[in-house]
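Presented below is the structure to which this report refers.
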There are 2 protein chains.
Amino acid sequence: MKKQVTIKDIAKLAGVSVATVSRVINGNGRYSKDTEERVLRIIKEHNYSPNMLGKGLRTNKTNTIGIVVPDITNEFFARIIQEVEKNLFRAGYTTLVCNTSENPELEKRYLEVLNLNRVSGTIYIAGDTRVKHEEPRGIPAVYIDRWPSTTRKDIVFIESDNFEGGRLAAQEMLKCGCRRIIFLTDERRTSAHQSRCEGYIRAHREFGVVPDERFIIGLSEISFDAAYNEVIRLIDNNVKFDGIFASTDWLALGSLVALESRGIKVPEQVKIVGFDNISISKHCSTPITTINQNVTQMGELAVDLLLKLIDGKEIDKKYYVLPVELVKRSTT
Amino acid sequence: MKKQVTIKDIAKLAGVSVATVSRVINGNGRYSKDTEERVLRIIKEHNYSPNMLGKGLRTNKTNTIGIVVPDITNEFFARIIQEVEKNLFRAGYTTLVCNTSENPELEKRYLEVLNLNRVSGTIYIAGDTRVKHEEPRGIPAVYIDRWPSTTRKDIVFIESDNFEGGRLAAQEMLKCGCRRIIFLTDERRTSAHQSRCEGYIRAHREFGVVPDERFIIGLSEISFDAAYNEVIRLIDNNVKFDGIFASTDWLALGSLVALESRGIKVPEQVKIVGFDNISISKHCSTPITTINQNVTQMGELAVDLLLKLIDGKEIDKKYYVLPVELVKRSTT
DNA sequence: GTGAAAGCGCTAACAG
DNA sequence: CTGTTAGCGCTTTCAC
């Protein structure tokens with residue numbers, strides 16, 4: 001339990017005042033080239049690094065960013081976290097991770113905690129839309145994936161082009177000749193899923209076909225099992241369909257396994273397109289055609305915007321749509 | 001940007017000194033039932049919550065725990081993080097996540113940052129064994145999964161019973177009649193993988209068979225592709241085998257897809273057992289038999305131990321081995 | 001160019 | 001039981 005070396009020690013060692021050391025550290029000017037060198041050398045020699053708590057207390061700023069995410073075990077979110085955290089770390093920030101498990105109550109408490117810890121900013125990855133965020137201290141924030149419901153104005157929001165994704169997915173199957181395409185989605189109709197649905201409808205219109213409304217199926221849970229059970233139900237109820245657009249790769253996989261278990265051939269009899277391009281879609285026995293979201297770009301942009309907000313810079317655009325692409329594999 | 005209410009405001013409002021408010025907040029006694037009620041009421045009324053920075057600076061303690069993990073997108077690690085974070089949050093701690101990407105250099109820098117931020121403790125999930133951790137301030141730490149190489153003595157370490165897992169896996173296949181079982185593992189021979197290997201050998205011995213040394217294959221990378229390529233190579237080189245024990249579910253899946261792509265029937269011709277029981281093993285088209293690690297228990301125990309360490313309590317045991325179990329599915 | 005000093009919000013002696 | 005006070009490590013006026 002060795003004592004940490006503080007700015008005072010450095011000052012004494014360098015024969016200057018703490019003020020000067022502070023100036024040198026923060027590059028605030030008003031010191032001679034000579035002292036700068038000396039102070040820097042001593043700092044290095046003694047492996048000194050400033051105590052973030054003292055600094056934070058004084059400046060009322062920490063170098064910590066809160067990141068709120070509904071489910072860290074979801075690979076798609078995990079990859080966003082990874083990107084965000086990587087970029088943040090490079091910029092000298094640390095990341096406080098808050099896993100809300102899609103639980104509004106938990107999410108609310110996390111926001112309090114982030115506030116207590118005086119985070120410099122927040123990145124919301126797909127929060128639950130039903131939560132009204134209270135953000136009294138006006139902490140800068142960037143939202144990703146789902147349009148938030150918050151008391152804040154001037155929301156900075158990033159999402160993939162979900163509409164285009166939905167359109168591409170349906171188009172791919174329509175091109176292959178499908179005419180009865182099931183759309184498996186989230187019954188909560190979050191903004192992202194809603195847009196995908198609209199893209200799905202648009203594609204149909206472009207092909208001059210009117211999608212059966214009953215083919216748009218809202219699941220109460222986004223999971224393998226939910227999709228599996230639903231598809232089994234469809235088959236057993238003798239519903240005729242020749243394509244499934246699953247608004248998540250896990251749903252696509254659930255569908256695929258359900259079909260295969262009933263002896264239905266994919267892609268010969270039924271085609272499938274997923275969404276997100278998580279690794280499972282590539283590595284299952286029948287690799288799934290899916291829509292890729294550019295996670296890297298998302299993470300970079302989010303961090304870039306957040307840091308600008310923190311620095312009080314003006315942001316030219318508040319709303320960003322990132323391009324998606326169709327990844328063609330074996331289910332179409 | 002409303003001004004935060006501080007302990008001073010509460011003191012003034014309640015007509016007491018800040019010291020008294022502090023005592024009430026921390027339950028340090030030495031105040032009357034009467035003042036306690038009043039202070040608590042005012043706190044609630046004004047929605048006050050103490051500034052963690054001031055507190056941390058003063059006590060030289062934060063309520064933050066650093067969690068170092070090699071790959072957050074690995075579902076197994078993500079689940080541990082989830083559990084750890086959940087339990088930590090309940091106990092009033094926040095979690096600083098450090099994703100090292102198995103990069104020793106990055107890991108080192110993360111340790112510095114954790115130190116700068118004066119975390120109260122650290123949980124290491126499977127760090128890279130080649131890194132010598134420097135932990136000058138003696139921050140309490142709990143290690144999980146891989147035995148660390150650190151300057152610290154008195155390491156608190158938790159792992160699954162990897163030996164038993166390896167034994168169960170091999171035993172399962174031997175029971176099914178397999179006699180030529182490939183073991184796909186990490187060439188770096190981390191403690192966990194090493195133990196699984198020993199279990200694998202033990203099981204063979206119990207069945208009176210001597211495993212071919214060439215069947216123990218160290219992969220330079222733990223991924224679907226690595227396993228896929230290796231198994232393809234084995235098949236093309238005409239190596240005869242009737243079972244694969246993959247020390248990770250992703251390796252098992254890669255093996256499975258490789259076999260199927262060559263028209264080899266699983267489990268009829270070759271049996272497979274994986275490790276970790278991540279969701280992919282359950283949900284692929286041929287569900288994979290695997291060894292389950294009890295992630296929930298791991299997370300709980302890790303947090304429990306860490307909090308004890310932080311509170312300066314003595315820990316009776318330094319080394320914990322958690323039971324594993326065979327989850328029988330369709331590949332055996 | 002540099003230093004002295006105030007103070008960020010909080011806790012912990014110490015004195016009463 | 002309660003208040004006064006010193007100071008945690010740092011930044012930032014303000015003077016010189």
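Reckoned from all heavy atoms, side chains included, excluding hydrogens, waters and symmetry mates. Computed from a predicted model, the values in this text were never measured in an experiment. First the proteins, then the strands, lettered A, B, ... as listed; each starts at 1.
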Would you please name every residue forming a side-chain contact (heavy atoms from CB on, under 4.5 Å) with B/Arg58, sequence neighbours left out?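 Checked B/Arg58 against side-chain contact (heavy atoms from CB on, under 4.5 Å); zero matches.
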Report the residues that fulfil side-chain contact (heavy atoms from CB on, under 4.5 Å) with B/Asp316, sequence neighbours left out, ordered by chain and then residue number.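 Testing B/Asp316 for side-chain contact (heavy atoms from CB on, under 4.5 Å), a comparison that skips the adjacent residues, returns B/Tyr320.
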Excluding sequence neighbours, so at least two apart, what forms ring pair (Phe, Tyr, Trp, His ring centres under 6.0 Å) with A/Phe77?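 A/Phe77 satisfies ring pair (Phe, Tyr, Trp, His ring centres under 6.0 Å) with no other residue.
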Ring pair (Phe, Tyr, Trp, His ring centres under 6.0 Å) partners of B/Tyr48, counting only residues at least two apart: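 Result, ring pair (Phe, Tyr, Trp, His ring centres under 6.0 Å) vs B/Tyr48: none returned.
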Shorter than 3.5 Å, N or O on both sides, protein versus nucleotides 13-16 of chain D: list them out with atom names.
residue	atom	partner	partner atom	Å
D/dC14	N4	A/Arg30	NH2	3.3

Can you tell me if B/Asn26 touches the phosphate of C/dT11, counting only side-chain N or O atoms and a distance under 4.0 Å to OP1 or OP2?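 Result: yes.
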Taking 4.0 Å as the cut-off, does a side-chain nitrogen or oxygen of B/Lys61 come that near to OP1 or OP2 on D/dC8?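 False: B/Lys61 side-chain N/O out of range (4.0 Å or more) of D/dC8 OP1/OP2.
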Using a heavy-atom distance cut-off of less than 4.0 Å, which residues of residues 51-58 of chain A contact DNA chain C?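 A/Leu57, A/Arg58, in order of number.
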Which residue pairs satisfy the ring pair (Phe, Tyr, Trp, His ring centres under 6.0 Å) criterion with at least one member in residues 82-111 of chain A, sequence neighbours excluded?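 Output for this query lists A/Phe89-B/Tyr110, A/Tyr110-B/Phe89.
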Could you list the residues that satisfy side chain to side chain donor-acceptor pair (under 3.5 Å) with [X], not counting sequence neighbours?
X        : result
B/Thr20  : B/Ser17
B/Glu300 : none
A/Asn63  : none

Under 4.0 Å, heavy atoms only, any strand: does B/Thr59 hit a base, just the sugar-phosphate, or nothing?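 Touches sugar-phosphate only.
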Counting only non-hydrogen atoms, which of residues 33-46 of chain B are less than 4.0 Å from DNA chain D?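 Those residues whose heavy atoms fall under 4.0 Å from DNA chain D, taken from residues 33-46 of chain B in numerical order, are B/Thr35.
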Can you give me the bend angle of the helix from C/dG1-D/dC16 to C/dG16-D/dC1? Use the axis through the first five pairs and the one through the last five, nearest 10 degrees.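 It works out to 40° between the end axes.
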